[in-house]
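Model, not experiment: these values are computed from the prediction.
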Amino acid sequence: MTTDQVVNDRFIQDLERVAQVRSEISVCLSKLAETINQAELVGDSSSGKLSLERDIEDITVASKNLRQGVFRLLVLGDMKRGKSTFLNALIGENLLPSDVNPCTAVLTVLRYGAEKKVTIHFNDGKSPQQLDFQKFKYKYTIDPAEAKKLEQEKKQAFPDVDYAVVEYPLTLLEKGIEIVDSPGLNDTEARNELSLGYVNNCHAILFVMRASQPCTLGERRYLENYIKGRGLTVFFLVNAWDQVRESLIDPDDVEELKASENRLRQVFNANLAEYCSVEGQNIYDERVFELSSIQALRRRLKNPQADLEGTGFPKFMEALNTFLTRERAIAELRQVRTLARLACNHTREAVARRIPLLDQDVDELKKRIDSVEPEFNKLTGIRDEFQKEIINTRDTQARTISESFRSYVLNLGNTFENDFLRYQPELNLFDFLSSGKREAFNTALQKAFEQYITDKSAAWTLTAEKDINAAFKELSRSAAQYGASYSQVTDQITEKLTGQDVKVNTTTTAEEDNSPSWAKWAMGLLSLSKGNLAGFALAGAGFDWKNILLNYFTVIGIGGIISAVTGILLGPIGFALLGLGVGFLQADQARKELVKTAKKELVKHLPQIAHEQSQVVYSAVKECFDSYEREVSKRINDDIVSRKSELDNLVKQKQTREINREGEFNRLKKLQEDVIAQLQKIEAAYSNLLAYYS
């Protein structure tokens, strides 16, 4: 068996193992939820419900998402980098359209399907349309010249298409991999933002580059503005490495080939090293791979089991396997295990509270319930204090960050002349004076301004994200403190009600302490979302403040700035350039005049832009913290209400019927045993996976 086959088989086996563990734990979670739910239904006609609705809901959601979960990979890359060739080599069939200009590219989701098919999803309300692969290639591929014309006219080739889903019976996909193939990076800023919108919802990015065009300005710009500092996992795939040999005068000169490859590696290392560092550790060799996708594809088209040694694929697949199955899968399952532990603990605590109260008569029970009213008031006090802290943090951050944005925008004029040098297009005044070429010149100039504004906005956004992340980390620490106080009070309630001491969990890790579930959510220790582990956003139950910011900044904020700036600049710049006359056709003079006029117009309008867009920033930051506060408050309220309901249910039952004390005791003990049994299965499945990789 070849090395490549060994690596590929191991990857498939590891994916299969992870999928099995996910499925096994999902089944256990589902049974856990059903066990508690059935006990609640029966309890309604005996001693009353234990009010575990929140646990049932959370476990059910986690079970469903775990069952449906996949490892989602986002493929990014500039035009003509061989993205489709790479994916076709990965698939082993010439399936996806290649050599497509990114202006015409349709965002494509590649996932498993028993039959090969393509489904086009539209954004205008039209029903999805199924196509065969040949029609898909033909219909959604246009000539590059036509694509260029559409770009200049600011038209989309397929404005009604949202995305395409390609289903394919590929083992890799069947075992839990989903691939999102994005538009090219050197396309419009709007499309760049579309690609960015998928970043936070993917486990890893596959950034495809080309050996013959190492680290272009566009690639460096994209990495600097969209990837750097955002805690994303990126695999850099340097495609067409075989062309290094072909570019030599003498392809058989071993020494020259070695020297040429080393020079190229130095270029990539210099540009990519900062994106291959985790907590100060250099993992460049685990993130950058030299590939020959065309060679791999040719071999696999002849023989699906062909040896891919020498194409770079075996090494890349091994690194991807390690990352997905050993790192991401275990992180995801660890959070699910924490959720199961919480549900088990809540059930055991509810049973421990209920059993001693079964013997109490109604009057004694009411007296005990009345005695814990001060403690319940303390719980609401803790909720109010934490809520107040979140709101204060929200107001401070929204005010500070929006003011930071305002100052940043107003300062653009001071650095514009130096900053804009790298963006302005090659300037030939004859092109501008020629009416036939003026539109193309204006388009190039407008794109330059769009890139300038987008980059400056992205640079500021990264600073804002770091500030917000720091604020959420501080709230996470507060959640731990409030959670500890909350647990002390709930223990006091239990002791007063039952007359028994509560055994305090002596473990010290945040994951295993006895903090209430709402605190664990607020601390970022629970994730009920669909495996969204990318980035450093707070890992909550679907809560992701970065996506809230992204929606505001890209859809509303940056788009608004681009429209404002480009709309006001082109006219005055045109008049200024026309005013130079035939006697000032020198490029240097024209450039100076362009920058001078642009700065003058920009500075004139910056105060209005700063004022209007700072309001957008304020609203965006406020919404991040408001979303967090709403969920935290809801979870605390649910906990307080459930604790009160649990007692009220028992009183109500005692008032209406005689409770079979022995039968109820046995039922509750059986519930506790069943819940523990399901948790033990989850613990065993998780431990076995850890042991497999150790």
Side-chain angles (χ1 to χ4, degrees), residues 54-55 57-59 61-62 65 200 231 279 328 330-346 349 378-394 396-397 465-491 504-548 624-640 642 686:
R54 165 61 82 174
D55 293 283
E57 179 185 337
D58 283 353
I59 294 170
V61 170
N65 290 335
N200 288 339
E279 297 178 353
R328 287 310 195 198
I330 288 179
E332 177 185 34
L333 293 172
R334 185 187 302 120
Q335 291 185 329
V336 172
R337 182 189 63 169
T338 300
L339 181 67
R341 285 177 172 179
L342 281 170
C344 182
N345 287 341
H346 291 162
E349 289 166 6
K378 288 180 183 178
L379 295 184
T380 57
I382 290 171
R383 177 202 64 195
D384 294 343
E385 284 297 311
F386 191 26
Q387 183 183 52
K388 186 197 296 186
E389 181 174 335
I390 298 172
I391 291 172
N392 287 340
T393 301
R394 175 201 71 186
T396 300
Q397 291 294 319
E465 285 182 358
K466 288 180 178 177
D467 290 342
I468 294 173
N469 193 50
F472 273 118
K473 283 184 177 178
E474 189 60 38
L475 286 174
S476 174
R477 285 189 283 269
S478 294
Q481 294 171 355
Y482 283 117
S485 299
Y486 192 95
S487 291
Q488 288 178 357
V489 176
T490 56
D491 287 348
V504 179
N505 190 335
T506 57
T507 56
T508 56
T509 64
E511 183 192 0
E512 297 178 351
D513 68 12
N514 63 338
S515 296
S517 58
W518 66 259
K520 279 189 166 60
W521 187 92
M523 292 158 64
L525 296 177
L526 292 182
S527 179
L528 311 181
S529 57
K530 297 181 179 180
N532 182 7
L533 302 174
F536 52 85
L538 191 74
F543 175 74
D544 189 347
W545 57 264
K546 289 185 70 179
N547 277 332
I548 296 173
C624 288
F625 291 94
D626 280 343
S627 297
Y628 179 77
E629 184 276 321
R630 284 193 295 269
E631 185 65 24
V632 169
S633 294
K634 183 177 186 301
R635 284 178 172 269
I636 298 177
N637 284 334
D638 286 349
D639 188 79
I640 294 173
S642 69
Y686 177 76

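Residues Val632 and Gln387 form no side-chain contact, since every pair of their non-hydrogen atoms from C-beta on lies 4.5 Å or further apart. Residues Ile640 and Tyr486 have side chains in contact (heavy-atom distance under 4.5 Å, counting atoms from C-beta outward). Side-chain contact between Lys634 and Arg54 is present, with at least one heavy-atom pair separated by less than 4.5 Å. Using a 4.5 Å heavy-atom threshold, the side chains of Glu474 and Thr393 count as separate. Put simply, the side chain of Asp638 does not reach to within 4.5 Å of the side chain of Glu57, judged on heavy atoms.
Listed here is the closest heavy atom pair of Lys520 and Ser515: NZ-O, 3.6 Å. Closest non-hydrogen pair, Leu342 versus Ser517, comes out as CD1-CB, 3.8 Å. The two residues Asp55 and Ala343 make their nearest non-hydrogen contact at OD1-CA, 3.5 Å.
Although no hydrogens or angles enter the test, the distance criterion places a donor-acceptor pair under 3.5 Å between the side chain of Tyr628 and the main chain of Ala522. Remark: side-chain polar atoms of Ser487 are paired, donor with acceptor, to backbone N or O of Gly483 under 3.5 angstrom.
Between Phe386 and Trp518, the ring planes lie tilted relative to each other; the angle falls in the 30° to 60° range.
For the atom pair Arg635 CZ and Asp58 CG, the distance stands at 4.5 Å (nearest 0.5 Å). Interatomic distance, CG of Asp384 versus CD1 of Ile636, reported as 9.0 Å (0.5 Å rounding). The distance from atom CG of Leu475 to atom CG of Asn392, rounded to the nearest 0.5 Å, is 10.5 Å. Between the SG atom of Cys344 and the CG atom of Leu339 there is a distance of 11.5 Å, given to the nearest 0.5 Å. Of the inter-residue distances, the one linking Glu629 atom CD with Cys624 atom SG reads 13.5 Å to the nearest 0.5 angstrom. Of the inter-residue distances, the one linking Asn637 atom CG with Arg383 atom CZ reads 4.5 Å to the nearest 0.5 angstrom.
Ser627 and Arg630 form a side-chain donor-acceptor contact under 3.5 Å, judged by distance and modelled atom types alone.
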- Query: Can you check side chain to side chain contact (heavy atoms under 4.5 Å, CB included) on Tyr686 and Ile330, steps first, answer last?
  - Reply: CA-CA 8 Å; Tyr686 177 76; Ile330 288 179; 3.7 Å; yes
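The salt bridge (charged side-chain N to carboxylate O under 4.0 Å, His left out) search around Asp626 returns Arg394, Lys622, not counting sequence neighbours.
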